[in-house]
Structure formats: structure tokens, C-alpha cells
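The block underneath contains the structure these notes are about, expressed in C-alpha cells.
Keep in mind the model is a prediction, meaning the values are calculated, not measured. FYI, the numbering just counts along the sequence from 1.
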Amino acid sequence: QLQVVESGGGSVQVGESVTLSCVLPPFVETSYSIGWFRQARGKEREGVSCITVDDVALYTESAKGRFTISKDSAKHAVYLEMNHLKPDDTANYYCAPVPVQAQCLQVPKDWTWWGPGTQVTVSS
């Protein structure tokens with residue numbers, strides 16, 4: 001199926017870390033780039049990070065230097081390690097395949113099989 005499941009979020013304080021997990025349908029990661037996206041309350045969904053089929057990692061300026069994306073093809077999973085968290089990182093985090101590598105950090109407009117997401121709340 002085309003269902004994805006995110007997990008690993010929680011409530012943390014400024015400066016702490018969390019690692020998110022995204023489980024995908026088998027072998028999707030061998031054909032598509034996989035992106036992590038987030039949506040804060042009252043705001044539009046935005047890209048955070050992505051990883052290509054060739055394991056090239058991309059990050060937004062906000063995530064660069066703090067977050068690390070990785071992939072475990074044997075488990076059909078993509079992870080996002082988030083360090084030095086800030087209150088602005090508070091959002092529901094989602095993952096999804098991206099068909100065009102050049103648009104890896106862009107929210108896929110044609111993707112309708114979003115998972116439930118996992119909430120990350122950062123407080124000071």
C-alpha cells in the first residue's frame with residue numbers, strides 16, 4: 001500500500017534532541033527521494049530535509065547543522081535526528097516520497113497518502 005507511518009515525536013525542552021522514524025512501503029526508498037516535512041499550528045506545511053535514492057542529504061537553512069537525515073533500506077525506514085531543538089521547531093512532522101529529486105525539499109502537491117505525522121513540541 002501507499003501508507004507511511006511516522007513516530008518518535010514528543011515534548012522536549014530547548015536544546016534537547018529527538019529522532020523521528022518513517023516506515024515506508026517496501027522498496028519505495030529505492031525509487032524515490034524521501035522527504036521530511038512539518039506543519040506548525042496555523043501555518044502551511046514546509047520542507048525540512050530529504051534524502052535521495054543515492055543517499056544525498058539535503059536540508060533547509062534552519063535544519064542545516066542541527067538535523068541529520070538517514071536511511072535504512074533493509075528496514076524500509078527513513079530517520080530524522082533533530083538536535084539543539086528550538087521553540088520554532090514545534091510542529092507535526094510528516095514524511096513522503098518525492099518523485100522529482102530536484103524538488104526534494106518541496107512539499108509534494110500530488111501526494112495524498114500522508115501519514116498521521118508525529119508531534120514535536122519544544123518548550124523553554
Quick one: side chains of residues 74-83, donor-acceptor pairs under 3.5 Å with protein atoms, not counting sequence neighbours, listed by atom name and distance.
residue: H76; atom: ND1; partner: F27; partner atom: N; Å: 3.3
residue: H76; atom: ND1; partner: E29; partner atom: OE2; Å: 3.3
residue: H76; atom: ND1; partner: S73; partner atom: O; Å: 3.3
residue: E81; atom: OE2; partner: N83; partner atom: ND2; Å: 3.3
residue: N83; atom: OD1; partner: S17; partner atom: OG; Å: 2.8
residue: N83; atom: ND2; partner: R66; partner atom: O; Å: 3.4

> Where do R45 and V107 come nearest, in terms of heavy atoms and distance?
Replying inline: O-CG2, 3.5 Å

>> Count I, L, V, M, F, W, Y as connected when their side-chain heavy atoms are under 4.5 Å apart, and connections chain through other members. Are W113 and V5 then in the same cluster?
In response: no

> I69, V53: one ILVMFWY side-chain cluster at the under-4.5 Å cut-off?
Replying inline: no

>> Please give me the minimum heavy-atom distance between L58 and L105, naming the atom from each residue.
In response: O-CD2, 4.0 Å

>> For R38 versus A91, what's the shortest heavy-atom pair and its separation?
In response: CB-CB, 3.8 Å

>> For a 4.5 angstrom cut-off between non-hydrogen side-chain atoms, does F67 reach W36?
In response: no

> Of all heavy-atom pairs between Y32 and P97, which one has the smallest distance, and what is that distance?
Replying inline: CB-CB, 3.9 Å

> K86 side chain to V122 main-chain N or O, any donor-acceptor pair under 3.5 Å?
Replying inline: no

> Side chains of C22 and Y93: does their closest heavy-atom pair fall under 4.5 Å?
Replying inline: no

>> Could you tell me if the side chain of T68 sits less than 4.5 Å from the side chain of Y59, heavy atoms only?
In response: yes

> Does V4 reach the side chain of P25, with side-chain heavy atoms less than 4.5 Å apart?
Replying inline: yes

>> How close do P108 and F37 get, counting heavy atoms only, and between which atoms?
In response: CD-CZ, 3.5 Å

>> When you measure from the side chain of E6 to the backbone of C95, do you find a donor-acceptor pair of N or O atoms at a distance under 3.5 Å?
In response: yes

>> Ignoring hydrogens, what is the shortest heavy-atom contact between T118 and L20? Give both atom names and the distance.
In response: CG2-CD2, 3.9 Å

>> Please determine whether side-chain contact (heavy atoms from CB on, under 4.5 Å) holds for the pair V28 and I34, giving the CA-CA distance in whole Å, both sets of side-chain angles, and the decisive distance to 0.1 Å.
In response: CA-CA 9 Å; V28 170; I34 306 298; 4.2 Å; yes

